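Scroll down for the structure; my scribbles are underneath it.
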Protein chains: 2
Amino acid sequence: MFEARLAQGALLKKVVEAIKDLIEDANFDCNSSGFSLQAMDSSHVSLVALSLRADGFEHYRCDRNVSMGMKLASLSKILKCANGDDAITMKSEDNGDTITFMFESPEQERLSEFDLKLMDIDSEHLGIPDNEYDATVKLPAAEFQRIVKDLSTIGDTVEISVTKDAVKFGTTGDIGNANIMCRQNKAADKPDESTEIDINEAVSLTFALRYLNSFAKATPLSTHAVLKLSKELPILVEYHIPEVGRLAFYLAPKIEDEDSMRD
Amino acid sequence: MFEARLAQGALLKKVVEAIKDLIEDANFDCNSSGFSLQAMDSSHVSLVALSLRADGFEHYRCDRNVSMGMKLASLSKILKCANGDDAITMKSEDNGDTITFMFESPEQERLSEFDLKLMDIDSEHLGIPDNEYDATVKLPAAEFQRIVKDLSTIGDTVEISVTKDAVKFGTTGDIGNANIMCRQNKAADKPDESTEIDINEAVSLTFALRYLNSFAKATPLSTHAVLKLSKELPILVEYHIPEVGRLAFYLAPKIEDEDSMRD
DNA sequence: TTCTTTGTGG
DNA sequence: CCACAAAGAA
């Protein structure tokens, strides 16, 4: 059987809120080392990878590897019934066709159980290469969310350019264009507001803002978002979940349409 | 004539907000002992009973018994024009065809008057038997509201089971099923959060969540909701209005469909 | 506090 | 089937 208890149930609520707009249904894979998910979004453009380590749970038991297919809209409905301060226990029998979510209020006065029917989902388990990246930018998650939201009001794509000591986000649209630049700033006094850049080579890549906006739904999970970029590779947008794991998103860059540049 | 002044006008506002979704028009009955209403909801499934005692009013005068038919949507419109801290005076001449609502701001700086046309409504005055109940559950009103709201996202009906020291709310739906259990807990330190169970016999009854959700609109009137259940009898959901009276709702249980159980 | 979402009434 | 209002989310 599989059984895992998360003292901070709010984490699970936030994770599901962050990915449910991107993915309709997904397999959650459980093994002795933890609880994870990998899935392409519905339009097969971006990829979501969640991993929660076994040791991030208050209690974790997984007798044999299982893959549990869930409809994320249903899962979200159920998790909305948990209070933010509830502890959440997930439980599933081997070969069972449901997963049980138990919510316990801090004083244990109220105990709720929700059984979610599992479903069979074909999933192509994509191996994600563990790349070295040309540039890594760590910036406050709220700031990243604000930037992609603001730029979305102007254009559809964003060009992210990273240089040694600044990252620039630029877009162009019908009404004009916009550029937002964030300087490196290792604010030691306010670590939550630091912006750090680690670079091997300057890169400049263009992405669809629509997906970055979806990724930014993970903002409540972490103080910082980490962007990793390499020429011609998908961007990796990572949210570290303190003590427990991480939620990561991959999105391929827009290839410059060179038709207009040919002579 | 009839004249009654309620210092806490907010009470009247809340009462009308709580019942206007259930009832379109109703007769308000006034006599020397108080102000009351009894009506079936529009679909003739549930029953609403309001009573405000004469001594709950700052001033109360009722020369002869009158029954005043009002359209609740209109009454609600009018009461929305009162501030929460206004005192409300209701006034109606005997044989008059209107009722006047006077709103006075706490400093008497602002005084408003609204006349509402009365209407003739046939009302079957149902005698409500004053039953002894098998089980009484008193729980925080907000918690009851939350439970019926959460369960509504999963299913259409709820099975309420009361045992000596806990009350269980269960439902089943397409995506799975749910159970919420509240333990008895006479929290002496936080009386507003206490859950108390008084039981003669364990009961388990099933109700349409839709109506319970409507009943829960009365939540702002009281810290606690009181559920009274007996086998095969309608559930009574009561909200005590401190110092003034009570708002009660009755709903018949779903009879188990035994077709599927016949051999 | 504002906006989006959902349920209800016409 | 459409529009409004109340409720929840940001």
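This structure is a prediction, so every number in the text was calculated from the model and none was measured. First the proteins, then the strands, lettered A, B, ... as listed; each starts at 1.
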Distance, nearest 0.5 Å, that separates NZ of A/Lys217 from CD1 of A/Ile19: 12.5 Å
Atom pair CG/CD1 of B/Asn177 and B/Ile154 - distance to nearest 0.5 Å: 8.5 Å
Ring geometry between A/Phe249 and A/Tyr239 (parallel below 30°, tilted from 30 to 60°, perpendicular above 60°): perpendicular
Spacing between B/Glu17 atom CD and D/dA7 atom P, to the nearest angstrom: 8 Å
Sugar-phosphate only, base, or nothing, as touched by B/Lys80 at under 4.0 Å among non-hydrogen atoms: sugar-phosphate
Nearest-Å distance for atom pair CG/P, residues B/Asn213 and C/dG7: 10 Å
Rounded distance in Å - CG (A/Leu79) to P (D/dG8): 18 Å
Separation of atom CG in B/Asp21 from atom P in C/dG10, rounded to whole Å: 12 Å
Atom-pair distance (CG on A/Asn83; P on D/dA9), nearest Å: 12 Å
Rounded distance (Å) that lies between atom C1' of D/dA6 and atom NZ of B/Lys20: 8 Å
Shortest non-hydrogen contact from B/Val158 toward B/Leu212: CG1-CD1, 3.5 Å
Nucleotide C/dT6, atom C1' - distance to CZ of B/Arg210 in whole Å: 15 Å
Atom-pair distance (CG on A/Leu221; C1' on D/dA10), nearest Å: 16 Å
